[in-house]
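Notes follow the structure.
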Amino acid sequence: MFFKRNGGLLLEQQLSSGEVNVDKIKLFNSKEIKKATNNFSIDRILGQGGQGTVYKGMLADGRIVAVKKSKMVDESMLSGFINEVVILSQINHRNVVQIMGCCLETQVPLLVYEFIPNGTLSQYIQGQIEEFSLTWDRRLQIATEVAGALSYLHGAASFPIYHRDIKSANILLDEKYRAKIADFGTSRSISIDQTHLTTRVHGTFGCLDPEYFRSSQFTEKSDVYSFGVVLVELLTGLKPVSAVTGSQEEEYRSLATYFITSMQEDGLFNLVDARVLEEAASETEIQVVANLARRCLNMNGRDRPTMREVISGLEAVQMSRKSLISAQQNSEGIDFVEDDSVGNWDVESLSEVSASY
Ligand SMILES: Nc1ncnc2c1ncn2[C@@H]1O[C@H](COP(=O)(O)OP(=O)(O)OP(=O)(O)O)[C@@H](O)[C@H]1O
C-alpha cells in the first residue's frame with residue numbers, strides 16, 4: 001500500500017522505460033533501513049531541510065549511508081522524491097553525491113545516499129565548524145569542483161540537467177574536503193521537462209536567479225547565477241542573505257546586490273574575507289574571481305558565462321598560484337617536481353587574461 005502511495009508505480013514505470021539506471025538503484029526494504037538508522041534515532045540526525053530529515057546509518061554490509069526521510073505526506077512532494085531518484089541514478093560524477101537506492105514501502109519515502117562526512121560548505125563559510133577554516137586554495141578548488149560538476153550536468157551528461165537549487169548549504173564536503181553537490185529534489189532534466197516552464201518558482205531566496213523569478217523560465221544560466229552567489233560567499237565569508245542591523249522592520253540584505261554595488265564603488269577589498277586577503281598572492285587573483293562572480297550575477301542570463309568559461313577562469317588563477325609556489329621553492333633551493341600543466345603563469349600573465357574573465 002505504501003509502495004503504491006509513495007510513487008512506486010511511477011518509479012517502476014520509469015525503470016521499465018529505461019529512464020532510470022536500474023543497476024544503480026536498489027529498492028531497500030523497510031527493515032533494512034530501520035536497522036541501519038537504529039529506528040530513526042534522534043542521535044542519528046545529520047540535518048534537516050525543506051523536504052525532510054536526514055539520518056546517518058550503517059547497512060548490514062558495513063557501508064555508511066545518509067537516509068533522507070520525507071516530512072510530507074503531501075502528494076505534490078512525492079514527485080520531488082521520485083524526481084531525485086530518477087535524476088541522480090543517471091549522474092556519474094565525482095563531485096555529485098551518489099544515490100544508492102530508495103525505500104518506498106514505509107509511510108513516507110526514504111532515499112539512501114553515500115555518506116559525506118564533513119558537513120556543508122555553508123557551515124564552514126559561516127564559521128559553524130571552527131576546527132577547520134577554509135584556505136584560499138581550498139576555496140578555489142571547491143569552486144572549480146562545483147563548476148566542473150555543473151558543467152557536466154549542463155552539457156556533458158547524456159542530456160542537460162539543471163540543478164535549480166545551487167547554494168552552499170547543498171554543497172557537502174567529503175573526507176578530503178572535496179565538494180559534492182547534493183539535493184536534487186527540484187532539479188529537472190530536459191528529457192523530463194521539455195518546456196523548462198514551471199508554474200511554481202523553486203529555489204532559495206538570495207540564491208535565485210532574478211530573471212527566472214520574473215519569467216518562470218529556468219535555463220542553465222539560472223544555475224550559473226546561483227553559482228555566482230556561492231563564489232561571492234567563498235570570497236567574502238558572508239551569508240547569501242543577512243538581516244540589516246539596526247533596522248526597525250525586518251529588512252534583509254542580499255549579498256549579490258551588496259557585492260555588485262561594492263564592486264561598482266571600488267569597495268571590493270573591504271568585503272573580501274580576511275583569510276583570502278592574507279593568502280592571495282596578488283590582488284589580481286581576487287580581482288579575477290570577483291570579475292567572474294560579477295559576470296555570473298549579471299541580470300541578463302545571456303550575458304552570464306557558461307560553466308565551462310567559469311572553469312577556465314578559476315583554473316587560470318590556480319595555475320598562476322601553483323607556478324608562483326614552484327618559483328618560490330626553486331629560489332629557496334627546495335627540490336620540486338616539475339609540473340607541466342602549470343606552464344609559465346605569473347601575476348602579469350594572469351593580469352593579461354583577467355580582462356577576459
Ligand atoms: N549524503 C549525505 N551525507 C551526509 N550528510 C548529508 C547527506 N545528505 C544530506 N546531508 C545532511 O542533511 C542536511 C539536509 O539535506 P538536504 O539539503 O538534502 O535536505 P532537504 O530537505 O532536501 O533540504 P532543502 O531545504 O535544501 O531542500 C544537509 O544540510 C546535510 O547536513
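Just so you know, ligand 1 is whichever comes first in the structure, and atom 1 is the first atom listed for that ligand. Here the structure is a predicted model, which means the values were calculated and not measured.
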note = Applying ring pair (Phe, Tyr, Trp, His ring centres under 6.0 Å) to Tyr225 and not counting sequence neighbours gives none
request  = For Phe115, enumerate each residue passing the ring pair (Phe, Tyr, Trp, His ring centres under 6.0 Å) test, keeping only those at least two apart in sequence or located in another chain.
outcome  =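 For Phe115 there are no ring pair (Phe, Tyr, Trp, His ring centres under 6.0 Å) partners, ignoring immediate neighbours.
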Report, one line per pair, each donor and acceptor closer than 3.5 Å where one atom sits in a side chain of residues 262-277; sequence neighbours left out.
from	atom 1	to	atom 2	distance (Å)
Ser262	OG	Tyr258	O	2.7
Asp273	OD2	Arg139	NH2	3.2
Asp273	OD2	Arg275	N	3.3
Arg275	NE	Glu279	OE2	2.5
Arg275	NH1	Ser133	O	3.2
Arg275	NH1	Ser133	OG	2.4
Arg275	NH2	Glu279	OE2	2.9

ask   = Can you check whether Val224's main-chain N or O pairs, donor with acceptor, with Arg304's side chain at less than 3.5 Å?
value = no
message = Any side-chain to backbone donor/acceptor pair from Asn39 onto Ser41? Under 3.5 Å, distance only.
response =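 Side chain of Asn39 to backbone of Ser41, a donor-acceptor pair under 3.5 Å: no, none is there.
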ask   = For ligand 1, what are the residues with a heavy-atom contact below 4.0 Å?
value =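 Only Leu46, Gly47, Gly49, Gly50, Gln51, Gly52, Val54, Ala66, Lys68, Val97, Tyr113, Glu114, Phe115, Ile116, Thr120, Lys167, Ala169, Asn170, Leu172, Asp183 have heavy atoms that fall under 4.0 Å of ligand 1, ordered by chain and number.
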ask   = Taking all atoms of both residues into account, what is the closest heavy-atom pair of Leu292 and Glu309, and its distance?
value =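 Here Leu292 and Glu309 meet closest at CD2-O, 4.5 Å.
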